[in-house]
Amino acid sequence: MSKRTEVKAILEGYEGLIGQELTVMGWVRAFRSNRFIALNDGTSMNTLQVVVDFEQLDEEVLKQISFHACVKATGKLVESQGAGQDVELLAEQIEILGATNLEEYPLQPKQQSMEFLREKAHFRMRTNTFSAVFRIRHGIAYAVHKYFNDNGYFYLHTPIITGSDAEGAGEMFRVTNFDIDKPPRTEEGAVDFEQDFFEKPTNLTVSGQLQAEIGALALGKVYTFGPTFRAEKSNTSRHLAEFWMIEPEVAFYDIFDNMDLAEDFCKSLIHHILEHYSAELEFLDQRIEKMERNMPKEQRRNMGLIETLRFVVDNEFERITYTEAVNLLRKSKPYKKGKFEYGVEWGKDLQAEHERYLVEKKFKKPVIVRDYPASIKAFYMRMNDEQENVPGKTVAAMDVLFPGIGEVIGGSQREERLDVLRERMAEMDVPEEELWWYLELRKFGGCPHAGFGLGFERMVQFITGMGNIRDVIAFPRTPGNAEF
RNA sequence: GCCUCAGUAGCUCAGCUGGUUAGAGCGGCGGACUGUUAAUCCGUAGGUCAUAGGUUCAAGUCCUAUCUGAGGCGCCA
């Protein structure tokens, strides 16, 4: 079984293979004229044409060569007589590895809606679009590890089950092995978590950052890359209940080093995909172009997918402070014309419509906004010194905003001063006893450090141009959805 | 959680202001043809019009509720 030649290897290096007898295995994308199989084995965007001699072939076998059937073909590789491809395999033997009953099979050889395919997640990877997306997703994951490895970072596995609910990143999923119908209770009637598996309440992690800081303060440069969970009932095209997050954390970095890292890192991921997945990108680019042909002009993107990616790699990200952003927004046309639904006021968080204006209209490229009001950001972000012309206290936080999907990265320089940190925790009602170890990091050998979280699926979304985040993760978990 | 829109054949959709037996393309099945490239041609089957109520002489069409999906917003990555 293992002696097969991959379609990609044949299509990309057929010179040395012509005249040889090869075995290929894969799924039938099309069967034309009772003679031509377009065979795809997932290794490539493209198909290998397998030519069948239907006069010689057993009729039972011939009948089973159908859309998305799995076949094994052995024969000689020759130059193709037809115009659509350079080489083809003249099959001497055909074996059906897995037939597909088309009366029951839901997919069709035509464009189908993303929503429909989402319900058929066990089959959707067989389509061109999804196979392209998932090959690229792999490529980005690889590029993440490569970038950090090449730059001296260590991959740290932070826990998925956490005993702290003070991470401040949103609603959490409870982890327990209690019988939820009748959990043990204390004499007062409360659920008695001391009898639970971990002898305390535990949750699925919303961030590995606090633990990553432990790593940074020993290994210098670390990153995490793992699943992350949010129990928020977010119904949008850019939120998942289970997603993958990348969190570098670096000792001796300030907010500016952090921004440099974020920008360089994003560009390196995009660059890697432009270099190694051009066939996939071209396919996705054309897909979007076709889709946009039916849309009114003002809704179309002004650049194609590949063009956008090149543009992001070749240009500096715009860097502004939150205060500058507020001033810009207040001077903007949509603000003056009353087009914004939400007001722009120093101290209030920027809304999606405001970010979109800055990224898509004003600067037309990724924007890094920093120095947000302390009141709207997490307790661990480093308090800035008072600044001129800034009406309130700010923290050294930064958000990287991308066109189309908004916030891709959120990060900050961390508060390393024990007294300031404790003050902030008190203000924001973060219990010290749960984060005693986090405080001790400041007490013993602390140092300035910084880091950020990058939503992996959002980056995959940006690079593939997919409109909905549910279509860049194999098995999306969202409110009301945990099938497959 | 909020707002808007949608749900008609396996899929994509048409069905005008309520009015006879609900249509098309694709796909399926049967057949023809065979160097095709979304192969082509002929034939054929397939629908409790999301669900439950209601208005009306009459509901796919109007109203209400529920469910599902999409888009936008909030929360964020």
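In this structure, the ring of A:His145 has its center less than 6.0 angstrom from the ring center of A:Tyr223. Aromatic ring centres of A:Phe317 and A:Phe363: separated by at least 6.0 Å. For an aromatic pair to be called close, the ring centres must be under 6.0 Å apart, and A:Phe484 with A:His122 satisfies this.
Using a 4.0 Å cut-off, no side-chain N or O of A:Asn34 falls inside it from OP1 or OP2 of B:rG35. For the OP1/OP2 pair of B:rC75 and a distance below 4.0 Å, the side-chain nitrogens and oxygens of A:Ser234 include no atom meeting the criterion. Between A:Ser237 and B:rG72, a side-chain N or O to OP1/OP2 separation shorter than 4.0 Å is present. Within the 4.0 Å cut-off from OP1 or OP2 of B:rC73, at least one side-chain nitrogen or oxygen of A:Arg238 is found.
You can call A:Phe243 stacked on the base of B:rA77; the centres are under 5.5 Å apart and the planes sit within 30°.
Under the 30°/60° scheme for interplanar angles, the aromatic rings of A:His157 and A:Tyr155 are found to be tilted.
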Note, RNA chain B 5' to 3' with Watson-Crick or G-U pairs under 3.5 Å encoded as ( ), [ ], | and . gives (((((((..((((.....[...)))).(((((.......))))).....(((((..]....))))))))))))....

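Side-chain atoms of A:Arg458 come within donor-acceptor range of the base of B:rC76, with a qualifying N/O pair under 3.5 Å. If you check distances only, the side chain of A:Glu88 never reaches the base of B:rU37 with a donor-acceptor pair under 3.5 Å.
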Expected rows: protein N/O vs nucleotides 3-10 of chain B N/O, under 3.5 Å:
unit_1 : atom_1 : unit_2   : atom_2 : d
B:rG10 : N2     : A:Gln108 : OE1    : 3.1
B:rG10 : N2     : A:Gln108 : NE2    : 2.2
B:rG10 : N3     : A:Gln108 : NE2    : 3.2

Scan nucleotides 67-69 of chain B against the protein and return all N/O pairs shorter than 3.5 Å with their distances rounded to 0.1 Å.
unit_1 : atom_1 : unit_2   : atom_2 : d
B:rG69 : OP1    : A:Asn481 : ND2    : 3.3

Please list each protein N or O that sits under 3.5 Å from an N or O in nucleotides 41-44 of chain B, with the distance.
none

Cut-off 3.5 Å, no hydrogens considered: what does the side-chain donor-acceptor table look like for residues 50-58 of chain A, sequence neighbours left out?
unit_1  : atom_1 : unit_2  : atom_2 : d
A:Asp53 : OD1    : A:Glu55 : N      : 3.2
A:Asp58 : OD1    : A:Glu60 : N      : 3.4

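Scanning residues 353-361 of chain A for heavy-atom distances under 4.0 Å to RNA chain B yields A:Arg356.
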